[in-house]
**Q** 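Here's a structure for you.
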Amino acid sequence: HRDLHSFPTRRSSDLWAATNSLPATVRVFKVVPASFSPIAISNLTAIGGSADLKQGSMNLYQPADTRLPLEKVPDKARAYELGMNLLARLEIPAAELMSQDGKTMALYSPGTRSHGDKATHKLITEPCTMGVEFRRALDGFECFGQQVRFQFESQEKLTQLNWRWCGVQPMQSCPIASADQIVTWIKEGRARAQSVETTGHRWIKVADIKKVTIRDIEVCYDASEDLLPTSLYPYANLTVEVEFSKDDREMIGLFCPVIKEALSRAIRKSNEFNIFPSTLYEKQGRQGGDE
């Protein structure tokens with residue numbers, strides 16, 4: 001993450017426009033070796049997978065024969081059903097899965113493959129894989145880097161399983177910071193803006209920002225690094241609108257401590273970062289298409 005600091009605002013009320021509420025307290029977790037039940041390990045072994053308790057992971061890779069015809073590649077609804085069945089077999093607690101309105105949430109990644117039809121001489125594209133991912137929640141908050149992903153192919157065969165689910169123990173409960181305190185930490189240079197380097201990104205210079213407004217705030221945990229941390233601290237995932245001029249605004253993601261026990265050191269070195277997608281570039285693209 002890049003550092004985003006020295007916001008051009010004087011009062012907290014100028015910056016904070018988030019309306020969603022936060023809990024009074026949040027917990028810090030200690031990372032410990034995973035504890036998979038004998039039944040879960042037995043069921044995993046039966047389908048050809050392996051487990052690593054220290055890393056809190058389960059894996060399976062059984063690529064399909066691409067020479068065979070495609071039959072019964074599951075759609076999203078069927079992949080969800082198959083995935084939920086596997087979650088039960090691997091004894092993944094439903095309370096630790098991201099949910100919405102009482103239903104476990106899922107993300108999908110369909111795949112296709114193409115071939116030439118000899119009779120019509122046309123390119124035929126058809127579904128060949130369907131991935132479904134379930135993400136972890138700690139105390140109801142998303143924990144980045146902790147998820148279970150299944151991939152199904154022809155005949156609903158499970159060809160990939162990637163489960164990253166470290167063991168955790170509650171360490172302490174901490175009072176959550178007020179809006180004023182979070183704004184102060186941002187001004188002190190304790191916030192980080194995610195810098196995305198990809199085709200079509202826009203460089204943002206902090207000095208060019210005229211106004212900043214926090215539109216949304218969510219509590220999250222992060223275990224996405226290759227090496228697991230020793231502890232999982234909650235932090236604030238902010239949706240922020242930055243204004244350069246009346247007709248030039250961008251939405252960015254900003255990460256900031258949400259408890260004083262997790263304060264990062266103040267850094268004021270970075271003066272620019274890049275974002276994607278860009279509202280300005282999308283607007284310019286539409287205008288160019290109208291000409």
Side-chain angles (χ1 to χ4, degrees), residues 1-4 18 20-37 40 51-59 87 90-100 104-107 133-149 161-179 181-182 184-186 188-196 214 216-240 253-267:
H1 302 313
R2 298 295 178 91
D3 311 308
L4 194 55
N20 48 321
S21 60
L22 297 175
T25 61
V26 285
R27 293 198 294 180
V28 177
F29 293 90
K30 178 181 179 181
V31 175
V32 299
S35 178
F36 303 143
S37 74
D52 183 332
L53 297 180
K54 185 176 181 180
Q55 292 298 317
S57 64
M58 289 186 178
N59 294 282
L87 291 178
L90 299 175
E91 298 191 339
I92 298 177
E96 288 191 27
L97 294 169
M98 291 291 294
S99 63
Q100 186 175 33
T104 300
M105 297 172 59
L107 299 174
E133 180 178 302
F134 303 92
R135 295 186 173 178
R136 187 180 192 178
L138 292 176
D139 287 343
F141 305 121
E142 183 170 359
C143 183
F144 295 123
Q146 298 279 283
Q147 66 281 316
V148 185
R149 184 181 184 278
L161 182 159
N162 301 107
W163 178 13
R164 194 172 183 199
W165 211 270
C166 65
V168 295
Q169 290 179 351
M171 288 177 58
Q172 62 182 121
S173 182
C174 306
I176 208 159
S178 65
Q181 183 61 73
I182 292 175
T184 297
W185 288 339
I186 293 173
E188 291 175 351
R190 302 182 190 275
R192 305 291 182 265
Q194 186 174 19
S195 192
V196 181
I214 295 174
D216 186 77
I217 179 172
E218 300 289 344
V219 175
C220 300
Y221 293 87
D222 189 6
S224 59
E225 297 295 331
D226 291 336
L227 295 177
L228 285 173
T230 57
S231 303
L232 294 178
Y233 289 89
Y235 66 94
N237 184 4
L238 305 168
T239 301
V240 177
L254 191 64
F255 305 90
C256 181
V258 75
I259 58 174
K260 65 179 182 179
E261 290 80 0
L263 279 182
S264 57
R265 63 191 180 94
I267 302 176

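Numbers for residues simply follow the sequence, beginning at 1. No experiment lies behind these values; they were computed from the predicted model shown.
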**Q** Can you name the residues that form a side chain to side chain contact (heavy atoms under 4.5 Å, CB included) with Ala34, not counting sequence neighbours?
**A**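 Listed in chain order: Phe36.
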**Q** Nearest 0.5 Å, what's the CZ-OG1 distance between Phe134 and Thr104?
**A**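 Answer rounded to 0.5 Å: 7.0 Å.
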**Q** Counting C-beta onward and ignoring hydrogens, is there a side-chain heavy-atom pair between Asp222 and Phe255 closer than 4.5 Å?
**A**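 Asp222 vs Phe255: side chains apart.
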**Q** Taking C-beta and beyond as the side chain, do Ile259 and Pro175 meet within less than 4.5 Å on heavy atoms?
**A**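 No. Closest side-chain heavy atoms not under 4.5 Å.
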**Q** Just to verify, what does Asn237 make a side-chain hydrogen bond (donor to acceptor under 3.5 Å, both in side chains) with, not counting sequence neighbours?
**A**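 Checked Asn237 against side-chain hydrogen bond (donor to acceptor under 3.5 Å, both in side chains); zero matches.
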**Q** Measure the acute angle between the ring planes of Phe144 and Tyr235, then classify it against the limits of 30° and 60° as parallel, tilted or perpendicular.
**A**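 The rings of Phe144 and Tyr235 sit tilted, inter-plane angle from 30° to 60°.
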**Q** Who are the side chain to side chain contact (heavy atoms under 4.5 Å, CB included) partners of Arg164, not counting sequence neighbours?
**A**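 Here the qualifying residues are Gln146, Gln147, Leu228.
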**Q** Distance check, rounded to the nearest 0.5 Å: Arg136 atom CZ versus Glu96 atom CD?
**A**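 Here the interatomic distance stands at 4.5 Å.
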**Q** Begin from the C-alpha positions of Ile92 and Leu97 and carry the test side-chain contact (heavy atoms from CB on, under 4.5 Å) through to its verdict.
**A** CA-CA 8 Å; Ile92 298 177; Leu97 294 169; 4.1 Å; yes
**Q** Of all the heavy-atom pairs spanning Met58 and Leu90, show the shortest one and how long it is.
**A**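 So the two residues come closest at SD-CD2, 4.2 Å.
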**Q** Between Val240 and Ile214, does the side-chain contact (heavy atoms from CB on, under 4.5 Å) criterion hold? Intermediate values first, please.
**A** CA-CA 4 Å; Val240 177; Ile214 295 174; 4.1 Å; yes
**Q** How long is the straight-line distance from OG of Ser35 back to CG of Leu53, given to the nearest 0.5 Å?
**A**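 It comes to 8.0 Å.
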**Q** Are Leu138 and Arg27 close enough, and set up right, to give a side-chain contact (heavy atoms from CB on, under 4.5 Å), and what steps lead you there?
**A** CA-CA 9 Å; Leu138 292 176; Arg27 293 198 294 180; over 6 Å; no
**Q** Are any of the side-chain heavy atoms of Pro23 and Phe141 separated by less than 4.5 Å?
**A**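 In contact.
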**Q** Out of the candidates Trp165, Tyr221, Phe29, only one should pair with Cys143 under the side-chain contact (heavy atoms from CB on, under 4.5 Å) rule; please name it.
**A**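 That would be Tyr221.
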**Q** Does the side chain of Ser231 come within less than 4.5 Å of Gln172's, by heavy atoms?
**A**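 Not touching, per the 4.5 Å side-chain cut-off.
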**Q** Who pairs with Thr25 by side chain to side chain contact (heavy atoms under 4.5 Å, CB included), at least two apart in sequence or on another chain?
**A**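 Here the qualifying residues are Ser173.
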**Q** Does any part of the side chain of Leu263, heavy atoms only, come nearer than 4.5 Å to the side chain of Glu188, both counted from C-beta?
**A**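 Sidechains of Leu263 and Glu188: no contact.
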**Q** For a quick test of reading the model, state the closest non-hydrogen atom pair linking Val258 to Trp185 and the distance between them.
**A**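 Nearest heavy atoms, Val258 then Trp185: C-CZ3, 4.0 Å.
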**Q** Does some side-chain heavy atom of Asn20 sit less than 4.5 Å from a side-chain heavy atom of Glu218?
**A**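 Of all side-chain heavy-atom pairs linking Asn20 with Glu218, at least one is under 4.5 Å.
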**Q** Determine the minimum heavy-atom distance between Gln100 and Met105, stating which atoms define it.
**A**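 Where Gln100 meets Met105 most closely, the heavy atoms are N-CG, 3.6 Å.
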**Q** Excluding sequence neighbours, so at least two apart, what forms side chain to side chain contact (heavy atoms under 4.5 Å, CB included) with Leu22?
**A**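 With neighbours one apart ignored, the set is Ile176, Ile217, Val219.
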**Q** For Ser37, give me all partners under side-chain hydrogen bond (donor to acceptor under 3.5 Å, both in side chains), at least two apart in sequence or on another chain.
**A**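 Result, side-chain hydrogen bond (donor to acceptor under 3.5 Å, both in side chains) vs Ser37: Glu91.
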**Q** Answer whether the closest heavy-atom distance between the side chains of Glu142 and Arg135 falls below 4.5 Å.
**A**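 SC-SC contact between Glu142 and Arg135 confirmed.
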**Q** Can you tell me how far the CD1 atom of Ile182 sits from the SG atom of Cys256, to the nearest 0.5 Å?
**A**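 Answer for the CD1-SG pair, Ile182 versus Cys256, is 6.0 Å.
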**Q** Working to the nearest 0.5 Å, report the span between CG of Leu254 and CG of Leu238.
**A**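 Reported value, rounded in 0.5 Å steps: 5.0 Å.
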